Amino acid sequence: RRSQDLHCGACRALVDELEWEIAQVDPRKTIQMGSFRINPDGSQSVVEVPYARSEAHLTELLERVCEKMKEYGEKVDPATHRKSYVRVISQDGTKMDLSGVKFDGDVTSSLKFACESIAEEYEDELIEFLSHEAENVKDRLCSKRTDLCDHALHIPHDEL
């Protein structure tokens, strides 16, 4: 169960970090896509697309996003003893309530390792969801497409 809490927390943190990083990109920034070969008529089939959410941008983010896991701590629900993972360093500098948050090298290295394995295993899905501004990427990826957060959904499935 610890492993399931860890992988669910890592998945949710990973999506949060990617969405935050995407939001930081200047919407006017573009990247050239297409073929750089010259056509017989002398033209090129190159188009400019927004850099944010481009495959190049998302691939670059996936390579370094798990470094952000060192900014997370572990919080244990006193009633259920379930573990969740929360930022201990805010992205905008606001003060955070860290009562009950465990923050140490074991937590951050476990979370980083889980993040890296999820980013690697589900790279195609992450790029698919994030390249289009999909709604609820966290739930769609971490609960529906994968079973990483299945335990978090205590919704009985109706028989068909």
Side-chain angles (χ1 to χ4, degrees), residues 1-31 50-158:
R1 196 162 110 184
R2 167 166 162 56
S3 171
Q4 193 173 25
D5 286 351
L6 175 68
H7 283 83
C8 176
C11 184
R12 298 182 73 79
L14 169 65
V15 173
D16 279 344
E17 292 300 326
L18 288 169
E19 289 184 327
W20 192 84
E21 289 281 346
I22 290 166
Q24 303 312 301
V25 176
D26 182 339
R28 295 177 305 238
K29 187 174 179 181
T30 60
I31 185 174
Y51 178 67
R53 299 187 187 278
S54 67
E55 192 167 337
H57 178 227
L58 296 174
T59 303
E60 178 198 318
L61 287 180
L62 282 171
E63 285 173 13
R64 60 182 168 83
V65 71
C66 294
E67 293 298 321
K68 298 274 188 196
M69 296 303 123
K70 64 178 179 274
E71 298 174 9
Y72 280 77
E74 182 178 83
K75 198 168 189 155
V76 178
D77 183 312
T80 64
H81 302 289
R82 301 307 300 250
K83 294 180 170 142
S84 62
Y85 297 87
V86 294
R87 269 190 151 277
V88 294
I89 301 168
S90 73
Q91 289 161 319
D92 59 6
T94 54
K95 187 108 178 77
M96 302 181 71
D97 173 20
L98 301 177
S99 53
V101 176
K102 178 179 164 196
F103 182 67
D104 65 26
D106 288 349
V107 168
T108 56
S109 64
S110 301
L111 198 58
K112 182 174 186 272
F113 182 77
C115 174
E116 286 167 348
S117 62
I118 292 165
E120 191 175 320
E121 188 173 345
Y122 300 107
E123 180 177 2
D124 294 344
E125 288 84 349
L126 282 159
I127 289 174
E128 174 194 332
F129 286 146
L130 293 167
S131 62
H132 312 97
E133 288 185 57
E135 292 292 305
N136 305 326
V137 173
K138 235 188 302 196
D139 291 335
R140 287 176 61 189
L141 180 77
C142 302
S143 300
K144 295 186 179 88
R145 181 67 68 92
T146 68
D147 288 334
L148 295 169
C149 291
D150 228 19
H151 68 275
L153 302 173
H154 298 293
I155 302 164
H157 296 289
D158 296 329

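Here, residue 1 is the first one in the sequence, and each next residue gets the next number. If you're wondering where the values come from, they're calculated on a predicted model, not measured in any experiment.
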For the residue pair C11 and I118, what are the closest heavy atoms and their distance? N-CD1, 3.7 Å

I'd like to know whether CD of E120 has more than 12 heavy-atom contacts from other residues, nucleotides or ligands below 6.0 angstrom. no

R53 CZ to I31 CD1 distance, which is reported to the nearest 0.5 Å: 15.5 Å

Counting heavy atoms not belonging to E60, are there more than 12 under 6.0 Å from its CD? yes

Working to the nearest 0.5 Å, report the span between SG of C115 and CG of L62. 8.5 Å

Would you call E17 and R87 a salt bridge, taking side-chain N to carboxylate O under 4.0 Å as the test? yes

For the atom pair CG (D5) and NE2 (H81), what is the distance rounded to the nearest 0.5 Å? 12.0 Å

Between the CG atom in L148 and the NE2 atom in H7, the distance rounded to the nearest 0.5 Å is 7.0 Å

Hey, are the side chains of Q24 and Q91 touching, using non-hydrogen atoms and a 4.5 Å cut-off? no

Donor-acceptor pair, T146 side chain versus L141 backbone, under 3.5 Å? yes

To the closest 0.5 Å, what do you measure between CG (L18) and CZ (F129)? 13.0 Å

Should the pair D77-R82 be classified as a salt bridge under the 4.0 Å nitrogen-to-oxygen rule? no

Do you know the tightest heavy-atom contact between V137 and V15? CG1-CG1, 3.7 Å

Tell me, do L14 and Y122 make a side-chain contact under 4.5 Å, heavy atoms counted? no

If you define the side chain from C-beta out and look only at heavy atoms, does anything of L130 sit under 4.5 Å from E19? yes

T108 and M69, any side-chain heavy atoms less than 4.5 Å apart: no

Side-chain (S117) to main-chain (A114) donor-acceptor, under 3.5 angstrom: yes

Only one of D106, V107, L111, L6 clears side-chain contact (heavy atoms from CB on, under 4.5 Å) with E74; which? V107

Of all heavy-atom pairs linking E55 and T59, the shortest is O-OG1, 2.7 Å

Mind checking whether F103 and L98 have side chains closer than 4.5 Å, heavy atoms only? no

Donor-acceptor contact below 3.5 Å, side chain R145 vs main chain R140: no

Heavy atoms, side chains only, cut-off 4.5 Å: are R12 and D139 in contact? yes

Within-4.5 Å side-chain heavy-atom neighbours: L126 and L58: no

Between CZ on residue R64 and CD on residue E21, distance to nearest 0.5 Å: 5.0 Å

